[in-house]
Amino acid sequence: MMQKSHWIGEVQSGMHDGKEVELKGWVHRTRGSNKIHFIVLRDSTGTIQCVAKRDALGDDSFEDLKSSLIETSIILKGMVNVDERAPGGHEIIVSSAEVVGPVNPEKPFPITESAMENADGGETEFLLDNRHLYLRTGRMTNMLKIRSSVFGAVHSYFREREFTEYHAPSFVAGAVEGGSTLFEVPYFGRKVYLTQSWQLYAEAAMPALERLYTVAPSFRAEKSRTRRHLTEFWHAEMEIAWAGNAEVMEHGEGLVRHIARTLLDERSDELASVGRDLDLVARYADSPYPRMRYDEAVETLQGLGVDIEWGQDLDYSKEKVLTQDFEVPHFLTHYPRIAKPFYHRPDPDDEKYVLCHDLLAPEGYGEIIGGGERTWSEKEILERIDEEGTPREPYEFYIDVRRYGGVPHGGFGLGIERVCSWLSGADHIREVIPFPRDSRRVTP
Ligand code: ATP
Ligand code: MG
(Lines give C-alpha, C1' and ligand atoms only; values in the text may rest on other atoms or scores of the structure.)
(Ligands and ions follow the chains in the order given, each with its own letter.)
Protein backbone atom coordinates (compact mmCIF):
# COMPACT_ATOMS: atom_id res chain seq x y z
CA MET A 1 0.00 0.00 0.00
CA MET A 2 2.76 2.45 0.87
CA GLN A 3 5.34 1.94 -1.86
CA LYS A 4 4.76 3.47 -5.25
CA SER A 5 5.40 1.29 -8.27
CA HIS A 6 4.46 3.68 -11.06
CA TRP A 7 4.75 7.42 -11.60
CA ILE A 8 2.60 9.63 -13.80
CA GLY A 9 5.67 11.19 -15.40
CA GLU A 10 6.82 7.71 -16.49
CA VAL A 11 3.44 6.91 -17.97
CA GLN A 12 3.39 10.20 -19.90
CA SER A 13 6.88 9.50 -21.22
CA GLY A 14 5.65 6.25 -22.79
CA MET A 15 7.34 3.81 -20.41
CA HIS A 16 4.23 1.78 -19.69
CA ASP A 17 2.26 1.91 -22.93
CA GLY A 18 -0.29 -0.87 -23.18
CA LYS A 19 0.51 -2.12 -19.67
CA GLU A 20 -1.36 -2.14 -16.39
CA VAL A 21 -0.20 0.40 -13.83
CA GLU A 22 -1.11 1.37 -10.28
CA LEU A 23 -1.12 5.14 -9.75
CA LYS A 24 -1.22 6.92 -6.41
CA GLY A 25 -2.01 10.59 -6.34
CA TRP A 26 -4.48 13.40 -5.88
CA VAL A 27 -7.61 14.36 -7.81
CA HIS A 28 -6.68 17.46 -9.75
CA ARG A 29 -9.85 17.91 -11.79
CA THR A 30 -12.99 15.92 -12.49
CA ARG A 31 -15.93 15.85 -14.84
CA GLY A 32 -18.30 13.21 -16.12
CA SER A 33 -21.75 11.70 -16.33
CA ASN A 34 -23.61 8.92 -14.66
CA LYS A 35 -21.86 6.30 -16.79
CA ILE A 36 -18.39 7.65 -17.34
CA HIS A 37 -16.19 9.75 -15.09
CA PHE A 38 -12.96 11.55 -15.98
CA ILE A 39 -10.36 12.30 -13.37
CA VAL A 40 -7.17 14.22 -13.96
CA LEU A 41 -4.84 12.64 -11.43
CA ARG A 42 -1.75 14.45 -10.13
CA ASP A 43 1.40 13.23 -8.49
CA SER A 44 4.74 14.93 -8.02
CA THR A 45 5.76 13.99 -11.55
CA GLY A 46 2.79 15.27 -13.56
CA THR A 47 -0.88 14.83 -14.38
CA ILE A 48 -2.82 12.30 -16.43
CA GLN A 49 -6.38 11.79 -17.51
CA CYS A 50 -8.06 8.67 -16.08
CA VAL A 51 -11.31 7.30 -17.48
CA ALA A 52 -13.60 5.34 -15.17
CA LYS A 53 -16.69 3.55 -16.46
CA ARG A 54 -19.56 2.41 -14.24
CA ASP A 55 -19.70 -0.89 -16.12
CA ALA A 56 -16.07 -1.70 -15.44
CA LEU A 57 -15.89 -0.56 -11.81
CA GLY A 58 -19.24 -1.59 -10.40
CA ASP A 59 -21.66 0.80 -8.75
CA ASP A 60 -20.00 1.24 -5.34
CA SER A 61 -16.54 1.95 -6.57
CA PHE A 62 -17.83 4.19 -9.36
CA GLU A 63 -19.92 6.24 -6.92
CA ASP A 64 -16.94 6.59 -4.57
CA LEU A 65 -14.87 7.97 -7.39
CA LYS A 66 -17.59 10.18 -8.70
CA SER A 67 -18.07 11.81 -5.31
CA SER A 68 -14.32 12.34 -4.77
CA LEU A 69 -13.66 16.05 -4.58
CA ILE A 70 -10.59 17.86 -5.73
CA GLU A 71 -7.45 16.95 -3.74
CA THR A 72 -8.87 13.64 -2.58
CA SER A 73 -6.01 11.14 -2.51
CA ILE A 74 -6.68 7.92 -4.39
CA ILE A 75 -5.11 4.78 -5.79
CA LEU A 76 -6.14 3.80 -9.31
CA LYS A 77 -5.30 0.70 -11.31
CA GLY A 78 -5.73 0.56 -15.03
CA MET A 79 -4.37 0.10 -18.54
CA VAL A 80 -2.24 2.77 -20.16
CA ASN A 81 -3.80 3.82 -23.42
CA VAL A 82 -1.94 5.91 -25.97
CA ASP A 83 -4.36 8.61 -27.08
CA GLU A 84 -3.28 11.70 -28.98
CA ARG A 85 -6.31 13.62 -27.81
CA ALA A 86 -5.49 13.20 -24.10
CA PRO A 87 -3.25 15.86 -22.53
CA GLY A 88 0.27 14.42 -22.59
CA GLY A 89 -0.75 11.74 -25.08
CA HIS A 90 -1.78 9.05 -22.59
CA GLU A 91 -4.78 8.10 -20.53
CA ILE A 92 -5.63 5.41 -18.00
CA ILE A 93 -8.59 3.11 -18.46
CA VAL A 94 -9.44 2.55 -14.82
CA SER A 95 -10.11 -1.02 -13.67
CA SER A 96 -10.19 -0.41 -9.90
CA ALA A 97 -10.14 2.56 -7.56
CA GLU A 98 -9.60 3.13 -3.87
CA VAL A 99 -10.09 6.39 -1.98
CA VAL A 100 -7.29 6.90 0.56
CA GLY A 101 -7.88 10.40 1.97
CA PRO A 102 -11.35 11.76 1.29
CA VAL A 103 -12.21 15.48 1.25
CA ASN A 104 -15.25 16.55 3.25
CA PRO A 105 -17.88 18.14 0.96
CA GLU A 106 -18.68 20.62 3.73
CA LYS A 107 -15.13 21.91 3.55
CA PRO A 108 -13.95 21.58 -0.06
CA PHE A 109 -10.44 22.52 -1.17
CA PRO A 110 -10.45 26.32 -0.98
CA ILE A 111 -8.40 27.05 -4.11
CA THR A 112 -10.52 26.77 -7.23
CA GLU A 113 -9.64 24.50 -10.12
CA SER A 114 -8.93 27.42 -12.37
CA ALA A 115 -6.71 29.16 -9.80
CA MET A 116 -4.78 25.88 -9.46
CA GLU A 117 -4.42 25.58 -13.23
CA ASN A 118 -3.65 29.17 -14.01
CA ALA A 119 -1.39 30.05 -11.10
CA ASP A 120 1.00 32.59 -12.55
CA GLY A 121 2.76 33.83 -9.45
CA GLY A 122 0.51 36.86 -9.14
CA GLU A 123 -0.70 35.59 -5.80
CA THR A 124 -3.54 37.32 -4.03
CA GLU A 125 -3.73 37.69 -0.25
CA PHE A 126 -6.12 34.75 -0.27
CA LEU A 127 -3.57 32.54 -2.00
CA LEU A 128 -0.83 33.70 0.37
CA ASP A 129 -3.07 32.83 3.33
CA ASN A 130 -3.48 29.40 1.76
CA ARG A 131 0.18 29.03 0.85
CA HIS A 132 0.31 25.53 2.35
CA LEU A 133 -2.26 24.44 -0.23
CA TYR A 134 -0.97 26.65 -3.04
CA LEU A 135 2.26 24.60 -2.99
CA ARG A 136 0.33 21.94 -4.92
CA THR A 137 -0.16 24.10 -8.01
CA GLY A 138 1.82 23.11 -11.06
CA ARG A 139 3.63 26.43 -11.09
CA MET A 140 4.78 26.19 -7.49
CA THR A 141 5.76 22.54 -7.91
CA ASN A 142 7.93 23.53 -10.87
CA MET A 143 9.52 26.37 -8.92
CA LEU A 144 10.31 24.04 -6.01
CA LYS A 145 11.97 21.56 -8.37
CA ILE A 146 14.00 24.34 -10.00
CA ARG A 147 15.01 25.51 -6.53
CA SER A 148 16.12 22.02 -5.54
CA SER A 149 18.38 21.82 -8.60
CA VAL A 150 19.91 25.19 -7.72
CA PHE A 151 20.86 23.86 -4.28
CA GLY A 152 22.27 20.70 -5.86
CA ALA A 153 24.31 22.77 -8.29
CA VAL A 154 25.81 24.86 -5.49
CA HIS A 155 26.94 21.74 -3.66
CA SER A 156 28.32 20.06 -6.76
CA TYR A 157 30.20 23.18 -7.90
CA PHE A 158 32.07 23.54 -4.62
CA ARG A 159 32.54 19.87 -3.82
CA GLU A 160 33.98 19.14 -7.25
CA ARG A 161 36.57 21.81 -6.51
CA GLU A 162 37.70 20.57 -3.08
CA PHE A 163 35.76 23.08 -0.98
CA THR A 164 34.71 21.91 2.49
CA GLU A 165 31.16 22.55 3.66
CA TYR A 166 31.30 24.49 6.90
CA HIS A 167 28.64 25.86 9.25
CA ALA A 168 28.36 29.02 11.32
CA PRO A 169 25.99 29.87 14.18
CA SER A 170 22.67 31.62 13.57
CA PHE A 171 22.80 33.53 16.89
CA VAL A 172 25.52 36.18 16.72
CA ALA A 173 26.74 39.20 18.64
CA GLY A 174 27.85 41.49 15.78
CA ALA A 175 26.60 42.82 12.48
CA VAL A 176 27.99 41.94 9.06
CA GLU A 177 25.83 44.07 6.83
CA GLY A 178 25.11 46.95 9.18
CA GLY A 179 22.81 47.51 12.13
CA SER A 180 19.69 48.64 10.37
CA THR A 181 18.71 45.18 9.15
CA LEU A 182 19.60 43.23 12.30
CA PHE A 183 16.95 41.11 13.98
CA GLU A 184 17.27 41.31 17.75
CA VAL A 185 16.55 38.20 19.75
CA PRO A 186 16.17 38.06 23.54
CA TYR A 187 18.79 35.62 24.81
CA PHE A 188 18.71 34.80 28.53
CA GLY A 189 18.58 38.43 29.60
CA ARG A 190 20.89 39.61 26.85
CA LYS A 191 20.32 40.78 23.31
CA VAL A 192 21.74 38.83 20.42
CA TYR A 193 21.05 38.92 16.70
CA LEU A 194 20.12 36.53 13.93
CA THR A 195 22.98 36.15 11.49
CA GLN A 196 23.01 38.23 8.31
CA SER A 197 25.84 36.21 6.79
CA TRP A 198 28.20 33.31 7.50
CA GLN A 199 31.19 35.34 6.43
CA LEU A 200 32.86 36.43 9.65
CA TYR A 201 32.76 32.92 11.08
CA ALA A 202 33.95 31.49 7.78
CA GLU A 203 36.97 33.75 7.85
CA ALA A 204 37.84 32.31 11.27
CA ALA A 205 38.00 28.83 9.72
CA MET A 206 39.79 30.01 6.59
CA PRO A 207 43.28 29.20 8.03
CA ALA A 208 42.00 25.72 8.90
CA LEU A 209 40.14 24.74 5.72
CA GLU A 210 41.42 27.25 3.12
CA ARG A 211 38.47 26.59 0.75
CA LEU A 212 35.05 26.53 2.37
CA TYR A 213 31.40 27.08 1.51
CA THR A 214 27.91 26.89 2.92
CA VAL A 215 24.26 27.15 1.99
CA ALA A 216 22.26 28.41 4.96
CA PRO A 217 19.54 30.88 5.89
CA SER A 218 20.48 34.51 6.51
CA PHE A 219 18.17 36.96 8.26
CA ARG A 220 17.72 40.64 7.51
CA ALA A 221 15.10 42.99 8.89
CA GLU A 222 14.25 44.49 5.50
CA LYS A 223 11.51 46.92 6.39
CA SER A 224 10.55 48.03 2.93
CA ARG A 225 8.87 45.23 1.06
CA THR A 226 10.33 44.79 -2.40
CA ARG A 227 10.14 42.14 -5.08
CA ARG A 228 13.66 41.05 -4.26
CA HIS A 229 14.00 41.10 -0.49
CA LEU A 230 12.97 38.47 2.02
CA THR A 231 13.60 38.71 5.76
CA GLU A 232 14.80 35.08 5.71
CA PHE A 233 16.65 33.97 2.60
CA TRP A 234 19.03 31.15 1.70
CA HIS A 235 22.55 32.28 1.25
CA ALA A 236 25.27 30.37 -0.61
CA GLU A 237 28.62 31.68 0.58
CA MET A 238 32.24 30.80 -0.03
CA GLU A 239 35.58 31.85 1.40
CA ILE A 240 38.97 31.07 -0.08
CA ALA A 241 42.51 31.58 1.21
CA TRP A 242 45.39 32.89 -0.91
CA ALA A 243 43.01 34.58 -3.32
CA GLY A 244 42.22 38.11 -4.42
CA ASN A 245 39.16 39.80 -5.88
CA ALA A 246 39.79 38.39 -9.38
CA GLU A 247 39.95 34.74 -8.27
CA VAL A 248 36.85 35.12 -6.12
CA MET A 249 34.98 36.59 -9.11
CA GLU A 250 36.04 33.64 -11.26
CA HIS A 251 34.32 31.35 -8.78
CA GLY A 252 31.24 33.57 -8.73
CA GLU A 253 31.01 33.43 -12.50
CA GLY A 254 31.80 29.71 -12.51
CA LEU A 255 29.11 28.97 -9.95
CA VAL A 256 26.36 30.99 -11.63
CA ARG A 257 27.12 29.48 -15.03
CA HIS A 258 27.16 26.01 -13.49
CA ILE A 259 23.75 26.68 -11.92
CA ALA A 260 22.34 27.80 -15.29
CA ARG A 261 23.83 24.73 -17.01
CA THR A 262 22.44 22.40 -14.33
CA LEU A 263 18.96 23.87 -14.74
CA LEU A 264 19.12 23.30 -18.50
CA ASP A 265 20.20 19.70 -17.93
CA GLU A 266 17.76 18.86 -15.14
CA ARG A 267 14.83 21.29 -15.38
CA SER A 268 14.23 22.32 -18.99
CA ASP A 269 10.62 21.14 -18.82
CA GLU A 270 9.96 22.98 -15.58
CA LEU A 271 11.58 26.17 -16.89
CA ALA A 272 9.50 26.00 -20.05
CA SER A 273 6.35 25.35 -18.02
CA VAL A 274 6.87 28.51 -15.96
CA GLY A 275 7.34 30.44 -19.20
CA ARG A 276 11.10 30.84 -19.27
CA ASP A 277 12.90 31.23 -22.61
CA LEU A 278 15.53 28.46 -22.54
CA ASP A 279 17.76 30.32 -25.00
CA LEU A 280 18.28 33.02 -22.38
CA VAL A 281 19.26 30.47 -19.75
CA ALA A 282 21.65 28.86 -22.26
CA ARG A 283 23.20 32.25 -22.92
CA TYR A 284 23.75 32.75 -19.19
CA ALA A 285 25.36 29.30 -18.97
CA ASP A 286 27.65 29.70 -21.98
CA SER A 287 28.77 33.35 -22.10
CA PRO A 288 31.55 35.01 -20.15
CA TYR A 289 30.49 37.74 -17.72
CA PRO A 290 32.16 41.12 -18.30
CA ARG A 291 33.77 43.15 -15.50
CA MET A 292 32.96 46.86 -15.17
CA ARG A 293 34.32 49.34 -12.64
CA TYR A 294 31.94 51.24 -10.41
CA ASP A 295 33.08 54.55 -11.95
CA GLU A 296 32.05 53.39 -15.40
CA ALA A 297 28.64 52.33 -14.11
CA VAL A 298 28.11 55.73 -12.51
CA GLU A 299 29.05 57.48 -15.76
CA THR A 300 26.72 55.22 -17.73
CA LEU A 301 23.89 55.98 -15.34
CA GLN A 302 24.56 59.71 -15.38
CA GLY A 303 24.55 59.48 -19.19
CA LEU A 304 21.09 57.94 -18.94
CA GLY A 305 19.94 60.88 -16.86
CA VAL A 306 19.84 58.95 -13.57
CA ASP A 307 20.36 61.07 -10.47
CA ILE A 308 23.46 59.53 -8.88
CA GLU A 309 26.61 60.93 -7.35
CA TRP A 310 30.00 59.30 -7.07
CA GLY A 311 30.31 57.65 -3.64
CA GLN A 312 26.74 56.40 -3.35
CA ASP A 313 26.07 52.68 -3.20
CA LEU A 314 23.91 51.51 -6.09
CA ASP A 315 20.45 50.70 -4.84
CA TYR A 316 17.99 48.66 -6.82
CA SER A 317 16.48 51.64 -8.66
CA LYS A 318 19.91 52.17 -10.22
CA GLU A 319 20.78 48.51 -10.75
CA LYS A 320 17.52 48.09 -12.54
CA VAL A 321 18.24 50.82 -15.07
CA LEU A 322 21.81 49.64 -15.52
CA THR A 323 20.93 45.97 -16.11
CA GLN A 324 17.85 46.46 -18.26
CA ASP A 325 19.93 46.24 -21.44
CA PHE A 326 22.63 43.81 -20.28
CA GLU A 327 22.73 40.65 -22.36
CA VAL A 328 24.55 38.70 -19.64
CA PRO A 329 25.41 39.26 -15.98
CA HIS A 330 28.09 41.89 -15.31
CA PHE A 331 30.47 42.25 -12.39
CA LEU A 332 30.73 45.72 -10.92
CA THR A 333 34.06 46.18 -9.14
CA HIS A 334 36.00 48.82 -7.21
CA TYR A 335 33.26 50.56 -5.23
CA PRO A 336 34.22 53.64 -3.24
CA ARG A 337 35.66 52.79 0.15
CA ILE A 338 33.09 55.05 1.86
CA ALA A 339 30.21 53.00 0.42
CA LYS A 340 31.29 49.61 1.82
CA PRO A 341 31.73 47.97 5.27
CA PHE A 342 35.11 47.67 7.02
CA TYR A 343 35.93 44.13 5.95
CA HIS A 344 36.40 45.15 2.29
CA ARG A 345 40.07 45.61 1.51
CA PRO A 346 41.14 49.04 0.19
CA ASP A 347 42.75 48.86 -3.25
CA PRO A 348 46.53 49.32 -2.74
CA ASP A 349 46.63 51.09 -6.14
CA ASP A 350 44.09 53.69 -5.09
CA GLU A 351 42.83 53.70 -1.54
CA LYS A 352 39.64 55.56 -2.45
CA TYR A 353 38.31 52.22 -3.69
CA VAL A 354 37.86 48.75 -2.24
CA LEU A 355 38.57 45.43 -3.95
CA CYS A 356 35.02 44.18 -4.09
CA HIS A 357 32.40 43.07 -6.58
CA ASP A 358 28.69 42.75 -7.07
CA LEU A 359 27.34 40.50 -9.80
CA LEU A 360 24.32 42.11 -11.46
CA ALA A 361 21.88 39.91 -13.35
CA PRO A 362 20.41 41.21 -16.61
CA GLU A 363 16.78 41.90 -17.55
CA GLY A 364 16.55 44.37 -14.68
CA TYR A 365 17.06 41.70 -11.97
CA GLY A 366 20.11 43.35 -10.41
CA GLU A 367 22.40 42.09 -7.67
CA ILE A 368 22.70 38.35 -7.15
CA ILE A 369 26.21 38.19 -5.63
CA GLY A 370 28.14 40.47 -3.31
CA GLY A 371 31.76 39.70 -2.55
CA GLY A 372 35.37 40.71 -2.57
CA GLU A 373 38.80 40.55 -1.08
CA ARG A 374 38.95 40.93 2.71
CA THR A 375 41.01 43.38 4.72
CA TRP A 376 43.58 40.90 6.00
CA SER A 377 46.34 42.62 7.99
CA GLU A 378 45.81 43.56 11.65
CA LYS A 379 46.88 47.15 11.07
CA GLU A 380 44.48 47.64 8.17
CA ILE A 381 41.49 46.01 9.83
CA LEU A 382 41.86 48.17 12.95
CA GLU A 383 42.10 51.27 10.77
CA ARG A 384 38.96 50.30 8.84
CA ILE A 385 36.96 49.44 12.00
CA ASP A 386 37.94 52.72 13.64
CA GLU A 387 37.25 54.89 10.59
CA GLU A 388 33.78 53.35 10.41
CA GLY A 389 33.20 54.07 14.10
CA THR A 390 32.38 50.41 14.75
CA PRO A 391 33.18 49.10 18.26
CA ARG A 392 36.09 46.67 18.22
CA GLU A 393 34.86 44.49 21.03
CA PRO A 394 32.39 42.18 19.20
CA TYR A 395 34.94 41.72 16.43
CA GLU A 396 37.92 40.66 18.56
CA PHE A 397 37.64 37.11 17.29
CA TYR A 398 37.64 38.48 13.75
CA ILE A 399 40.69 40.66 14.39
CA ASP A 400 42.48 37.60 15.83
CA VAL A 401 42.27 35.95 12.39
CA ARG A 402 44.60 38.77 11.28
CA ARG A 403 46.78 38.72 14.44
CA TYR A 404 47.74 35.10 13.94
CA GLY A 405 48.98 34.54 10.44
CA GLY A 406 46.76 36.76 8.31
CA VAL A 407 46.78 35.88 4.61
CA PRO A 408 45.08 37.35 1.54
CA HIS A 409 41.63 35.86 1.17
CA GLY A 410 38.16 36.65 -0.05
CA GLY A 411 34.71 35.31 -0.71
CA PHE A 412 31.19 36.04 -1.81
CA GLY A 413 27.56 35.53 -0.93
CA LEU A 414 24.93 34.55 -3.47
CA GLY A 415 21.21 34.87 -2.75
CA ILE A 416 19.62 31.56 -3.74
CA GLU A 417 16.16 33.08 -4.20
CA ARG A 418 17.56 35.96 -6.26
CA VAL A 419 19.16 33.44 -8.61
CA CYS A 420 16.05 31.25 -8.72
CA SER A 421 13.85 34.27 -9.51
CA TRP A 422 16.12 35.47 -12.27
CA LEU A 423 16.75 32.11 -13.94
CA SER A 424 13.08 31.13 -13.79
CA GLY A 425 11.94 34.59 -14.91
CA ALA A 426 9.78 35.08 -11.79
CA ASP A 427 8.21 38.48 -11.12
CA HIS A 428 8.57 38.28 -7.38
CA ILE A 429 11.10 36.63 -5.06
CA ARG A 430 8.36 34.95 -3.03
CA GLU A 431 7.52 32.79 -6.03
CA VAL A 432 10.62 30.69 -5.50
CA ILE A 433 10.44 29.89 -1.77
CA PRO A 434 7.69 27.77 -0.22
CA PHE A 435 6.87 29.95 2.78
CA PRO A 436 8.15 33.47 2.09
CA ARG A 437 8.93 35.71 5.06
CA ASP A 438 8.66 39.47 4.79
CA SER A 439 8.03 42.35 7.19
CA ARG A 440 4.33 41.69 7.15
CA ARG A 441 3.86 37.96 6.92
CA VAL A 442 5.10 35.06 9.01
CA THR A 443 2.11 32.77 8.49
CA PRO A 444 1.36 30.12 7.42
P1 ATP B 1 20.72 44.50 -1.68
O2 ATP B 1 21.48 45.76 -1.82
O3 ATP B 1 20.11 44.03 -2.95
O4 ATP B 1 19.79 44.48 -0.51
P5 ATP B 1 22.99 43.54 -0.28
O6 ATP B 1 24.05 44.41 -0.82
O7 ATP B 1 22.40 43.85 1.03
O8 ATP B 1 21.81 43.38 -1.37
P9 ATP B 1 24.83 41.40 0.34
O10 ATP B 1 24.93 41.84 1.73
O11 ATP B 1 25.99 41.59 -0.56
O12 ATP B 1 23.52 42.03 -0.33
O13 ATP B 1 24.37 39.87 0.34
C14 ATP B 1 24.82 38.91 -0.60
C15 ATP B 1 23.70 38.43 -1.47
O16 ATP B 1 22.61 37.96 -0.69
C17 ATP B 1 23.09 39.49 -2.35
O18 ATP B 1 23.85 39.66 -3.52
C19 ATP B 1 21.72 38.92 -2.65
O20 ATP B 1 21.79 37.96 -3.68
C21 ATP B 1 21.38 38.20 -1.37
N22 ATP B 1 20.48 38.99 -0.51
C23 ATP B 1 20.82 40.03 0.28
N24 ATP B 1 19.76 40.48 0.97
C25 ATP B 1 18.71 39.72 0.59
C26 ATP B 1 17.33 39.68 0.96
N27 ATP B 1 16.83 40.50 1.88
N28 ATP B 1 16.53 38.75 0.38
C29 ATP B 1 17.04 37.89 -0.52
N30 ATP B 1 18.32 37.86 -0.91
C31 ATP B 1 19.17 38.76 -0.36
MG1 MG C 1 20.54 44.52 1.50
Side-chain angles (χ1 to χ4, degrees), residues 147 150-151 154 168 172 174-183 193-200 202 213-239 245 248-249 251-253 255-256 259 289 294 297 308 312-323 329-333 335-336 339-344 354-362 364-374 410-424 426 428-441:
R147 179 181 166 92
V150 171
F151 277 79
V154 171
V172 298
V176 184
E177 271 304 300
S180 66
T181 64
L182 276 176
F183 275 115
Y193 307 101
L194 291 179
T195 188
Q196 297 167 310
S197 162
W198 157 101
Q199 180 195 327
L200 303 189
Y213 83 99
T214 203
V215 196
S218 281
F219 304 89
R220 299 191 185 180
E222 311 277 5
K223 278 164 213 105
S224 58
R225 291 169 52 229
T226 74
R227 292 175 168 268
R228 52 209 294 286
H229 287 96
L230 295 162
T231 52
E232 175 177 6
F233 68 96
W234 285 77
H235 208 171
E237 297 184 80
M238 67 84 90
E239 201 65 36
N245 201 36
V248 175
M249 270 190 284
H251 281 295
E253 173 172 347
L255 173 61
V256 173
I259 292 172
Y289 300 172
Y294 166 91
I308 179 168
Q312 286 179 321
D313 206 355
L314 299 186
D315 62 18
Y316 178 58
S317 65
K318 278 124 195 151
E319 286 175 12
K320 188 173 176 180
V321 177
L322 191 65
T323 62
H330 282 52
F331 281 103
L332 243 59
T333 67
Y335 280 65
K340 291 285 174 186
F342 67 81
Y343 51 77
H344 289 286
V354 286
L355 297 170
C356 72
H357 60 268
D358 281 359
L359 181 61
L360 306 186
Y365 278 93
E367 181 181 334
I368 52 175
I369 280 183
E373 196 169 323
R374 315 302 186 196
F412 67 77
L414 168 151
I416 294 278
E417 289 82 11
R418 292 258 177 106
V419 169
C420 290
S421 305
W422 161 55
L423 289 175
S424 66
H428 199 296
I429 195 163
R430 70 175 170 230
E431 282 198 68
V432 300
I433 185 164
F435 292 99
R437 296 298 182 237
D438 64 27
S439 60
R440 212 183 32 136
R441 187 177 277 279

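Since we're looking at a predicted model, the values are computed, not measured. Numbering of residues begins at 1 and proceeds along the displayed sequence. Order of listing sets the numbers, starting from 1, for every ligand and every atom in it.
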Is any side-chain heavy atom of His229 less than 4.5 Å from a side-chain heavy atom of Asp438? no
So the atoms of ligand 1 within less than 4.0 Å of a heavy atom of Ile369 turn out to be 18 (O)
Correct closest heavy-atom pair for Arg147 and Trp234 would be NH2-CD1, 3.2 Å
Is Glu417 in contact with ligand 1, taking contact as a heavy-atom separation below 4.0 Å? no
- Message: Are any of the N/O atoms on Leu230, whether in the backbone or the side chain, positioned under 3.5 angstrom from an N/O atom of ligand 1?
- Response: yes
Closest non-hydrogen atoms of Asn245 and Leu355, given as atom of the first, atom of the second and distance, are OD1-O, 3.5 Å
Atoms of ligand 1 under 4.0 Å from any heavy atom of Ile429, numbered from 1 in the order shown, are 29 (C)
Check: of Glu367, Gln196, Arg437, min heavy-atom distance to atom 8 (O) of ligand 1 comes from Glu367
Note: Phe412 and Arg374 closest approach over all heavy atoms is N-NH2, 3.9 Å
Quiz item: Would you say Leu414 and ligand 1 have an N/O pair spaced under 3.5 Å apart?
Solution: no
Closest to atom 25 (C) of ligand 1 (heavy atoms only, candidates Phe412, Trp422, Phe233, Trp234) is Phe233
Does ligand 1 come near enough to Glu319 that some N or O of the ligand is less than 3.5 Å from an N or O of the residue? no
(Q) With nothing but distance in play, are any N or O atoms of Ile368 less than 3.5 Å from an N or O of ligand 1? (A) yes
Here the atoms of ligand 1 under 4.0 Å from any heavy atom belonging to Gly370 are 11 (O), 18 (O)
For Leu332 and Ala297 the tightest heavy-atom approach is CD2-CB, 3.8 Å
Counting from 1 in the order shown, the ligand 1 atoms closer than 4.0 Å to a non-hydrogen atom of His229 are 1 (P), 3 (O), 4 (O), 26 (C), 27 (N), 28 (N)
Of Arg225, Lys223, Glu222, the one forming a side-chain contact (heavy atoms from CB on, under 4.5 Å) with Ser439 is Arg225
Are Met249 and Glu373 side-chain neighbours, meaning at least one heavy-atom pair lies under 4.5 Å? no
So for His235 against ligand 1, with non-hydrogen atoms under 4.0 Å, the contacting part is side chain
Looking only at heavy atoms, the pair that brings Pro217 and Thr195 closest together is O-CG2, 4.1 Å
Heavy-atom closest pair (Cys356 atom, His344 atom, distance to 0.1 Å) is CB-ND1, 3.5 Å
Heavy-atom proximity to atom 19 (C) of ligand 1 ranks first, among Arg418, Gln199, Arg228, for Arg418
